[in-house]
2 protein chains.
Amino acid sequence: MKYIEKLRNSGLRPTKQRLQICEVLFDTEKTFHFTINDLANKIKKQLNNKISLATIYNTVHAFEKKGYLKQIPINSNQTYFDTNVSDHHHFYDLKEEKLIDLENSDVGPINILKKINGKKIKSVEVLVKLED
Amino acid sequence: MKYIEKLRNSGLRPTKQRLQICEVLFDTEKTFHFTINDLANKIKKQLNNKISLATIYNTVHAFEKKGYLKQIPINSNQTYFDTNVSDHHHFYDLKEEKLIDLENSDVGPINILKKINGKKIKSVEVLVKLED
DNA sequence: ACACTTTTTTAGAACCATTATAAAGTAGAT
DNA sequence: ATCTACTTTATAATGGTTCTAAAAAAGTGT
Ligand SMILES: [Mn+2]
Ligand SMILES: [Mn+2]
Ligand SMILES: [Zn+2]
Ligand SMILES: [Zn+2]
């Protein structure tokens with residue numbers, strides 16, 4: 001299993017549940033955006049065994065903390081995550097309620113001119129809302 | 001009252017509660033960011049009478065719909081609103097959990113190169129996360 | 001002022017995503 | 001095999017937000 005190493009190196013024990021969640025999240029060609037609910041459904045469909053919701057939450061948060069997932073800042077009652085952890089931006093289609101990746105190259109360089117004393121920039125994220 | 005007209009023109013009846021919320025929100029020199037909970041506390045402190053939480057929610061949503069308030073896209077369990085409805089951006093201080101305005105002039109011009117068929121851009125919002 | 005309609009406020013219930021709990025299970029070390 | 005720390009799990013609790021439906025207030029016409 002290719003994820004055993006990855007988990008071990010992160011100080012996470014490679015349990016059956018974590019490995020299966022890795023498969024669902026990272027064994028795809030393309031990266032994708034999801035909510036916990038999306039992920040739970042995907043797991044139910046792809047896997048024959050059940051993983052408790054608490055474990056899904058725990059695992060997603062553990063992976064996020066290790067940098068294998070990113071949270072996307074957006075106003076929604078559910079939290080959105082991204083398997084694309086590269087530095088990039090998003091369209092948000094208001095009608096469809098869907099996120100679309102916007103690569104850094106699709107956005108001109110962003111230069112933050114204002115400085116805040118004693119603070120440094122950790123990330124710069126652009127959200128472009130779309131309407132019809 | 002200067003807000004009576006404003007509310008009438010928006011098709012909102014100028015009730016005592018709405019006028020009082022207007023005072024708390026718009027009678028200040030500076031614009032500010034708030035959650036519903038912040039606003040409820042502010043109302044409790046500034047006003048002698050009580051406004052029910054349901055009315056605060058209703059009013060904030062009504063004002064947002066009319067464009068007198070903006071929702072700020074951010075990952076939090078609470079929804080953040082802004083009395084600054086101009087086109088602008090935000091710093092988010094992760095340690096202090098505070099938002100700071102970032103005027104358009106503090107950010108270089110943003111050019112979204114990618115186009116989505118049949119959709120047009122409604123807004124472009126930048127969130128700059130700050131750490132120590 | 002009064003009657004009538006529509007909108008608004010309100011307390012409280014309901015909703016529901018997320019987090020906490022604590023007991024049972026598992027992984028890794030010795 | 002034993003021990004210990006970590007993990008999973010079902011379930012309860014939490015808490016922001018929305019819903020409900022009855023009372024109050026606002027607007028309209030007379
Ligand atoms: Mn979360
Ligand atoms: Mn809201
Ligand atoms: Zn993305
Ligand atoms: Zn602002």
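Which of C/dT9, C/dA17, D/dG27 sits closest to the side chain of B/R18 comes down to C/dT9. Checked against C/dT8, D/dT18, D/dT9, the side chain of A/T55 finds its nearest nucleotide in D/dT9. The side chain of B/Q17 approaches C/dT10 more closely than any other nucleotide in the set C/dA17, C/dT10, D/dT17. The side chain of B/Q78 approaches D/dT17 more closely than any other nucleotide in the set D/dT17, D/dT18, D/dT7. In this structure, the nucleotide among C/dA17, D/dG16, D/dT17 sitting nearest to the side chain of B/I36 is D/dT17. Of the candidate nucleotides D/dC6, D/dT8, D/dT17, D/dC6 has the atom lying nearest to any side-chain atom of A/R13. Nearest to the side chain of B/A54, among D/dT17, D/dA10, C/dT10, sits C/dT10. Taking every side-chain heavy atom of B/T79 into account, D/dT17 is the closest of D/dT17, C/dT9, D/dG27. For B/I51, the listed nucleotide lying nearest its side chain is C/dT10; candidates were D/dT17, C/dT10, C/dA17.
Contacts of A/N37 with the nucleic acid, taken as non-hydrogen atoms under 4.0 Å apart, are absent.
One interatomic measurement links the two molecules: CZ of B/F34 to C1' of D/dG16, which rounds to 15 Å at whole-angstrom precision. Atom CG in B/N49 sits about 17 Å away from atom P in D/dA24, given to the nearest Å. For the pair A/E64 CD and C/dT18 C1', the computed distance is 13 Å after rounding to whole Å. Here the C1' atom of nucleotide D/dG27 and the CG atom of B/L7 are 15 Å apart, to the nearest Å. In this structure, B/Q20 places its CD atom 11 Å from P of C/dT9, rounding to the nearest Å.
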Given side chain to side chain contact (heavy atoms under 4.5 Å, CB included), test A/Y80 with A/F34 step by step and report yes or no. CA-CA 6 Å; A/Y80 277 81; A/F34 65 93; over 6 Å; no

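Side-chain atoms of A/Y68 and A/S10 include a donor-acceptor pair closer than 3.5 Å. A/E103 and A/S105 form no side-chain donor-acceptor contact under 3.5 Å, judged by distance and modelled atom types alone.
Regarding contacts with the backbone of D/dT17, a side-chain N or O of B/Y57 is found under 4.0 angstrom from either OP1 or OP2. For D/dG27, one of the phosphate oxygens OP1 or OP2 lies less than 4.0 angstrom from a side-chain nitrogen or oxygen of B/R8. The phosphate of C/dT9 (OP1 or OP2) has no side-chain N or O of B/K50 nearer than 4.0 angstrom. A sub-4.0 Å separation between OP1 or OP2 of C/dT18 and a side-chain N or O of A/H61 is absent.
Using cut-offs of 30° and 60° on the angle between ring planes, the pair B/H33 and B/H90 is perpendicular. Using cut-offs of 30° and 60° on the angle between ring planes, the pair B/H61 and B/F81 is perpendicular.
Summary of the strand contacts: A/L53 and B/K16 both lie near DNA chain D, and taking for each the nucleotide with the nearest heavy atom, the more 5' one is attributed to A/L53. Comparing B/T15 and A/P14 by the nucleotide of DNA chain C that holds the closest heavy atom to each, the one mapping nearer the 5' end is B/T15.
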